Amino acid sequence: MGPKRILVKNQGNVAKKPKLSGHWSLGLLDAMKDPECVVKEDDTVVVIKDKYPKAEFHYLIAPKEDISSLKKVDKTHIDLLEHMQELAETIVNDNQHKDKSFRMGYHAEASMVRLHLHVISNDMNSNALKTKKHWNSFTTDFFLDSKEVCKQLKEEGTVTLPSAETCKKLLDTPLKCHKCEYIPKHMPDLKKHIMTHVQ
DNA sequence: GTTCTAGAAC
DNA sequence: GTTCTAGAAC
Ligand SMILES: Nc1ncnc2c1ncn2[C@@H]1O[C@H](COP(=O)(O)O)[C@@H](O)[C@H]1O
Ligand SMILES: [Zn+2]
């Protein structure tokens with residue numbers, strides 16, 4: 001009789017990367033200081049490449065000012081958010097990106113610390129896009145259009161965010177193609193389907 | 001946020 | 001038996 005195999009939980013890589021900011025939710029703060037991640041910056045904001053891009057092009061624009069999330073945004077930040085929107089437009093109109101369709105917006109409930117604007121190509125074609133939550137975070141009202149956020153901030157002096165319960169529902173919305181009426185059976189089916197829209 | 005994997009769904 | 005997803009991670 002051979003020895004019994006016992007299942008041992010993967011203890012993770014032995015060689016850990018050098019200690020960064022600590023918790024995973026602070027990762028953007030490190031990325032903003034890492035020249036390998038930074039695409040562009042000016043006095044007030046930094047553009048970084050999303051480390052787990054959910055489309056062929058995916059950038060994050062974050063302020064240097066310590067604003068943890070959209071919840072902390074008020075009318076004093078109008079100029080900043082408009083600047084982020086304008087910079088996003090500059091990026092999507094440059095030679096590298098002008099032939100693709102992009103969306104710019106904020107997740108209603110972000111996981112990562114430091115306010116950040118998603119600038120993402122509309123193909124949604126990426127290996128890092130794996131879950132229903134990923135999909136719905138960019139294709140439902142969980143994704144708050146940047147221009148509309150700016151508009152509301154200007155006109156009403158505040159940004160209305162969906163409740164935690166609403167966010168949960170939005171992220172659990174049944175899968176649907178963002179470009180046609182197709183209802184996929186599951187994520188792998190959806191990922192295969194969206195390839196039919198990629199030129 | 002991601003990774004990993006147990007157990008559901010097929 | 002294989003594919004897929006949901007939830008723990010100290
Ligand atoms: N260390 C990191 N550097 C750059 N981007 C990251 C890092 N960790 C997570 N992300 C991305 O940051 C975004 C955070 O999503 P959210 O907080 O929901 O707006 C996601 O698109 C992640 O892929
Ligand atoms: Zn479609």
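Nothing here was measured: the structure is a model prediction, and the numbers come from that model. First the proteins, then the strands, lettered A, B, ... as listed; each starts at 1.
When heavy atoms are screened at a 4.0 angstrom cut-off, A:H134 is found touching the sugar-phosphate backbone but no base atom. Counting non-hydrogen atoms under 4.0 angstrom, A:K185 reaches nothing in the nucleic acid.
Residues A:I120, A:M124, A:L129, A:W135, A:F138, A:F143, A:M187, A:L190, A:I194 make up the rest of the hydrophobic cluster containing A:L175, defined by ILVMFWY side-chain heavy atoms closer than 4.5 Å, directly or through other members.
The interatomic distance linking A:K132 (NZ) with C:dA6 (P) rounds to 6 Å, in whole Å. C:dC10 atom C1' lies 15 Å from atom CH2 of A:W24, rounded to whole Å. Per the geometry, CG belonging to A:N127 stands 11 Å off P belonging to B:dT3, to the nearest Å. Straight-line distance from the CG atom of A:L175 to the P atom of C:dC4: 13 Å, rounded to whole Å. Rounded to an integer number of Å, the gap from A:L29 CG to B:dG1 P is 16 Å. Rounded to an integer number of Å, the gap from CE of A:M187 to P of C:dT3 is 17 Å. Residue A:L190 contributes atom CG, which lies 16 Å from atom C1' of C:dT3 at whole-angstrom precision. Between the NE2 atom of A:H186 and the C1' atom of C:dT5 there is a distance of 11 Å, given to the nearest Å.
Considering only side-chain atoms of A:K130, the nucleotide from B:dT3, B:dG1, C:dC4 that sits closest is B:dT3.
A:H116 and A:H118 have perpendicular rings, their planes meeting at more than 60° on a 0 to 90° scale where under 30° would count as parallel. The aromatic rings of A:H107 and A:F142 sit tilted relative to each other, their planes meeting at an angle between 30° and 60°.
Among all heavy-atom pairs drawn from A:P63 and A:L115, the shortest one is CD-O, 3.1 Å.
Remark: C:dA8 base-pairs with B:dT3; criterion is Watson-Crick or G-U wobble with both hydrogen-bond distances under 3.5 Å.
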